[in-house]
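Just so we're clear, the structure is a prediction, and the values are computed from it rather than from any experiment. Naming: A, B, ... by sequence-line order, numbering from 1 per chain.
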Amino acid sequence: MEGRLTKLALKGDQRAFAELVELYKDKIYHLAYRMLNNRHEAEDIVQETFLRVYRNLDRYDDKQKFSTWIYRIGTNLCIDRLRKRKPTYSLDAEMNDQEGIDGYSMIPSDNVTPETELLLSETQRVIYEAIDSLPVKYRSVMILRYLQDLSLQEISDVLGMPVTTIKTRVHRGREFLRKKLGPKM
Amino acid sequence: MECKLAVSLMHDYLDDDLPELQQRELKEHLLSCPDCRAKFKELEQTDMLMFSLMHQNAVASDDLVSRIMDSLPKPKKERAFITWIKRHPALTAASVFLLVMLMSSVTFWNQDQQLVVRGSDLDQVVIQGDTVIVPSGKTITGNLTVENGKTQVYGEVNGNVTVIDGTLYKASTAHISGQVKSIDQAVSWLWYKVTNMFSEVAYR
C-alpha cells in the first residue's frame, strides 16, 4: 500500500502524500517525542522527516519496507538533534550526591499540564524517566523495539548496524531499565 | 548452567530469539536457581511495562498534517515539463526532428529573395528588374513560374501561371489557358516545394 502511495506521490499526487503523512505522523511523532522528550522538537522532527521523504521519493527503493525507510530518516534526525544540543557535561552522568537522580530528571518536563499530570500514572512517569536516562545509542534501539514493535532485524535495517550489535544493545538497555525500575516495581 | 549464560538466554527469550531446546534448559535452571528466577521476573516485567506503556500513544497536534503539507516545495512547471519528456522519449524525438526540419525550411524560405523565373519558353519573356513581362502579341507555350517578383501578362500563355511571393497583373488582352495560382504564405510555399520536389523526382 505504501509502495502504491509513494508512486502516486512521486507523480505529483498531493492527496497520496497526505495519506502517507496520516499513516506515519503519529508513529514518527511518538518516536521523536520519546527520543527528545520535547513536544516542539518532536513536531519539528516529524515535519522535517516528511519533507525529506517528499524530496527523496524518487530514491525510494520499493524492495525495502517503507516503514524501515521513514524510521531511518526520523531516527537519524533525532540523533542529529540530540548531538547538537549535547551540553558540555553529560546529562546521563549521575550526580554524585543524589544517587539515581541525573540531569534529565532535573529538567522540568514540558508536557506536564494539570490534565496530563492526572493521566500520567506514577509508573508511566517512572518508565519515561528511565527511558530518558538511557544513553542515546540504547535509547534509539529500545524505542524502536518497544514503541514501534520492530523486530531485531528491522531495527538493524533502520539503524544500518549488524543484528548482533542491536541484540547486545537491547540486552543492555533492558538490563539498564530493569535496574532503574527494579525497586519501584 | 552458569547464571551468566542464563541471563543471556533470558534476553534472547524476551526477544523471541531462543530455540525450544534452550528454552527448556533455561526453565530447568530457573527452577533450581532462585536468584535467576527473581531476575527473570524483573526483566519480564520491564519488558511488559515497556510494551504496554509505550503503546499509549502521544498524539501530535491536529494541524500538524496541514503544516507538513504546506511546507512541501511546490512542484515546478519546468520540472513537470522535464518529467513529461522523460516519460515520452519517442514523441520528444519526433517533435525535435520536426522542429529541425521546419527551421531549415524556414531559413531556406528567408534566404530565397532572388527573382526566379521558370518555364519552357522563356525567350518570349521580358524581364525588367524584378518585373517579368509577357508582352502583348507574344505566345508562351508551356507553364510559367515566377518567384519573388511582379508578373505582368499582356500576351498569351498556353499553360499554368504560378506566382510565388509576388503580384500578378493581367491585362485585358491577356489570355491564360491553364490555371493561375498565387502562393505567398509560408505553409503553402512549403507545400508547393514538397509537391514540386516529388514531381521532379518522379519525372527524372
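- The CE atom of B:Met50 lies 5.0 Å from the CE atom of A:Met142; values are rounded to the nearest 0.5 Å.
- Most heavy-atom pairs under 4.5 Å with chain A: of the set B:Ile68, B:Val65, B:Asp15, this distinction falls to B:Asp15.
- Under a 4.0 Å N-O distance rule, the pair B:Glu42/A:Lys179 does not qualify as a salt bridge.
- The candidate with the highest count of non-hydrogen atom pairs below 4.5 Å against chain A, out of B:Met69, B:Arg87, B:Met10, is B:Met69.
- Contacts of B:Leu64 with chain A are made by side-chain atoms alone, with heavy-atom separations under 4.5 Å and no backbone atom involved.
- Proximity to chain B (any heavy atom under 4.5 Å) is shown, for A:Glu48, by neither the backbone nor the side chain.
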Practice item. Please report the C-alpha distance between B:His11 and A:Lys167 in whole Å, then the side-chain angles of each, then the deciding distance to 0.1 Å, and finally whether the side chain to side chain contact (heavy atoms under 4.5 Å, CB included) criterion is met. Key: CA-CA 9 Å; B:His11 284 289; A:Lys167 199 183 263 189; over 6 Å; no
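- B:Lys39 and A:Glu175 are joined by a salt bridge, as a carboxylate oxygen and a charged side-chain nitrogen come within less than 4.0 angstrom of each other.
- In this structure, chain A has a heavy atom under 4.5 Å from the side chain of B:Asp17, while its backbone stays farther away.
- Residues A:Glu43 and B:Arg67 form a side-chain contact, since some pair of their non-hydrogen atoms from C-beta on lies under 4.5 Å apart.
- In this structure, A:Tyr146 and B:Phe51 have perpendicular ring planes: the angle between them is above 60°, well past the 30° mark.
- Around atom CZ of A:Arg72, more than 12 heavy atoms belonging to other residues, nucleotides or ligands sit under 6.0 Å away.
- Distance check: B:Thr46 OG1 to A:Leu181 CG gives 5.5 Å after rounding to the nearest 0.5 Å.
- Taking A:Ile28, A:Thr49, A:Val46 one by one and counting their heavy-atom pairs under 4.5 Å with chain B, the maximum is reached by A:Val46.
- By the neighbour-count criterion of 12 heavy atoms within 6.0 Å, atom OH of B:Tyr13 is sparsely surrounded, having that number or fewer from other residues, nucleotides or ligands.
- Of all the listed residues (A:His171, A:Gln47, A:Glu22), the one sharing the greatest number of non-hydrogen pairs under 4.5 Å with chain B is A:His171.
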